[in-house]
Amino acid sequence: MTGAGESASVVSLSSIVTRFGKNVVHDGLDLDIQRGEIVALVGGSGSGKTTLLRHIIGLTRPAAGQVSLFGEPLDAGSTYEQIARRRRFGVLFQQGALFSALNVGENIAFPIREERIASDDEIRQLVTLKLGMVEMEPEHALLMPAELSGGMIKRAALARALALEPELLLLDEPTAGLDPDRSASFVKLILSLRDELGLTVVLVTHDLDTLAAMSSKVAVLADRKILSYASLEDTMNIDHPFVERFFRGEQGRRALAHINGGG
Ligand SMILES: Nc1ncnc2c1ncn2[C@@H]1O[C@H](COP(=O)(O)OP(=O)(O)OP(=O)(O)O)[C@@H](O)[C@H]1O
Ligand SMILES: [Mg+2]
């Protein structure tokens, strides 16, 4: 069978070219991600990681190349079908981005309300359920974003990303600015959601502890391409200046020491 069958990639990027004026960010970039993978997308600052996530969800379009989600090109089908495809992923942006004028509950309810299928009562129950998934209390629904700690903002934004029970979750620096305990519980949360919901996850991260703890594969964005897409172990052995700095620098060796010892 062809089309959106079981074997189709969840995310497929082919020959992507991205330019901002004279700045060529991606040049013939390819990447195929299968269901159930937790992919860490790494690369230097300004290498085009966030831009790539934006292409994946159709917020921006590459100058050339093809983006497919769940086996179909992003722009395939009717408007209705494109909207249906959009419901199948959740996004947590780099800046955590909650709507500052809405309280936590309204933020989480936002994508659900857009569906226009749930009653107010059902929405309240769903909000409580989603808050529970990210280890927040029902009464946190009434807090405004400005009243939350950094970790709570990340978790509330994750709850909103999970509102429509996505199959694909895109996370841009989900643990940046969190203390190590909070990062560790964030990682545990994502892993349990992957197990419960069968999520595919693409996360951008500079945090090697997070990367080592949760990713099944590492995609290295360097020289305007996906330089490698492999296990962490294989990635660490690649001979490239970025990989050298990122994985084998001082901080890298410290963060990764335990995966070599652990077995
Ligand atoms: N809307 C835009 N207009 C012009 N240039 C842009 C735009 N968005 C991104 N860029 C440029 O594209 C390049 C990639 O940016 P991007 O935000 O994707 O990097 P990144 O890998 O996410 O970096 P970081 O790790 O710092 O978040 C940068 O040079 C940036 O200046
Ligand atoms: Mg970025």
Side-chain angles (χ1 to χ4, degrees), residues 11-33 37-69 74-75 89-98 150-151 153-154 157-158 160-161 168-178 183 186-187 190 200-215 217-230 232 235-236 238 240-252 255-256:
V11 177
S12 173
L13 303 168
S14 133
S15 310
I16 301 294
V17 177
T18 306
R19 283 186 221 101
F20 294 107
K22 283 185 185 155
N23 182 9
V24 180
V25 178
H26 308 125
D27 191 10
L29 179 153
D30 298 306
L31 179 63
D32 269 284
I33 296 173
E37 300 278 13
I38 298 190
V39 179
L41 177 60
V42 302
S45 184
S47 62
K49 304 178 297 295
T50 297
T51 303
L52 203 60
L53 292 189
R54 293 167 68 87
H55 288 338
I56 291 173
I57 64 176
L59 262 185
T60 51
R61 276 164 192 277
Q66 175 109 326
V67 179
S68 294
L69 278 189
L74 265 193
D75 51 8
F89 60 77
V91 193
L92 176 56
F93 282 111
Q94 195 162 12
Q95 318 295 354
L98 292 172
I153 290 174
K154 295 270 182 191
L158 180 63
R160 190 178 60 188
L168 169 65
L169 197 54
L170 302 159
L171 310 170
D172 202 348
E173 297 284 5
T175 58
L178 300 189
S183 295
F186 197 89
V187 167
I190 297 289
T200 306
V201 181
V202 182
L203 81 147
V204 173
T205 187
H206 284 97
D207 172 359
L208 279 163
D209 289 309
T210 298
L211 186 153
M214 73 190 275
S215 65
K217 287 240 177 100
V218 179
V220 178
L221 176 45
D223 306 332
R224 306 185 178 97
K225 291 183 167 58
I226 299 298
L227 181 82
S228 118
Y229 181 53
L232 174 58
T235 306
M236 282 160 62
I238 292 167
H240 186 278
F242 170 76
V243 174
E244 175 70 35
R245 275 196 312 277
F246 192 84
F247 292 101
R248 299 203 287 271
E250 181 69 22
Q251 187 206 352
L256 298 173

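Both ligands and their constituent atoms are indexed starting at 1 by order of listing.
Below 4.0 Å from some heavy atom of G44 lie the following atoms of ligand 1, by number and element: 21 (O). Here is the list of ligand 1 atoms found below 4.0 Å of a heavy atom in H206: 25 (O).
Counting heavy atoms from C-beta outward, L169 and I190 have side chains that approach closer than 4.5 Å. A 4.5 Å side-chain heavy-atom check between L52 and V204 finds every atom pair outside the cut-off. In this structure, the side chains of R54 and T50 come closer than 4.5 Å at one or more pairs of heavy atoms. The shortest distance between side-chain heavy atoms of P62 and V17 does not fall below 4.5 Å.
For ligand 1, one of its N or O atoms has an N or O atom of G48 under 3.5 Å away. Close N/O approach between G43 and ligand 1 is not found [any backbone or side-chain N/O within under 3.5 Å].
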Criterion side chain to side chain contact (heavy atoms under 4.5 Å, CB included) on I153 and L98, from CA distance to verdict: CA-CA 7 Å; I153 290 174; L98 292 172; 4.2 Å; yes
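The aromatic rings of H26 and H55 sit perpendicular to each other, their planes meeting at more than 60°, with 30° as the lower class boundary.
Counting heavy atoms under 4.0 Å from ligand 1, residue T51 touches it through both backbone and side chain. The proximity of L52 to ligand 1, defined as any non-hydrogen pair under 4.0 Å, does not occur for either the backbone or the side chain.
Closest to atom 25 (O) of ligand 1 among all protein heavy atoms lies K49 NZ, 2.7 Å. Closest to atom 17 (O) of ligand 1 among all protein heavy atoms lies T50 CB, 3.8 Å. Protein heavy atom closest to atom 31 (O) of ligand 1, with residue, atom name and distance, is N23 ND2, 4.5 Å. Distance from atom 27 (O) of ligand 1 to its nearest protein heavy atom, with residue and atom name: Q94 NE2, 3.0 Å. Looking from atom 11 (C) of ligand 1 to the surrounding protein, the closest heavy atom is F20 CD1, 3.7 Å.
Relative to atom 28 (C) of ligand 1, the option among S45, A176, G46 with the closest non-hydrogen atom is G46.
A side chain to side chain contact (heavy atoms under 4.5 Å, CB included) with L171 is found for one member of L203, T210, V202 and no other, namely L203. The residue from F247, Y229, F246 that alone fulfils the side chain to side chain contact (heavy atoms under 4.5 Å, CB included) condition with V218 is F247.
With 2.8 Å as the limit, S45 does not count as an N, O or S neighbour of the Mg ion (ligand 2).
Between atom CD of residue E244 and atom CD1 of residue I238 there is a gap of 12.0 Å, rounded to the nearest 0.5 Å.
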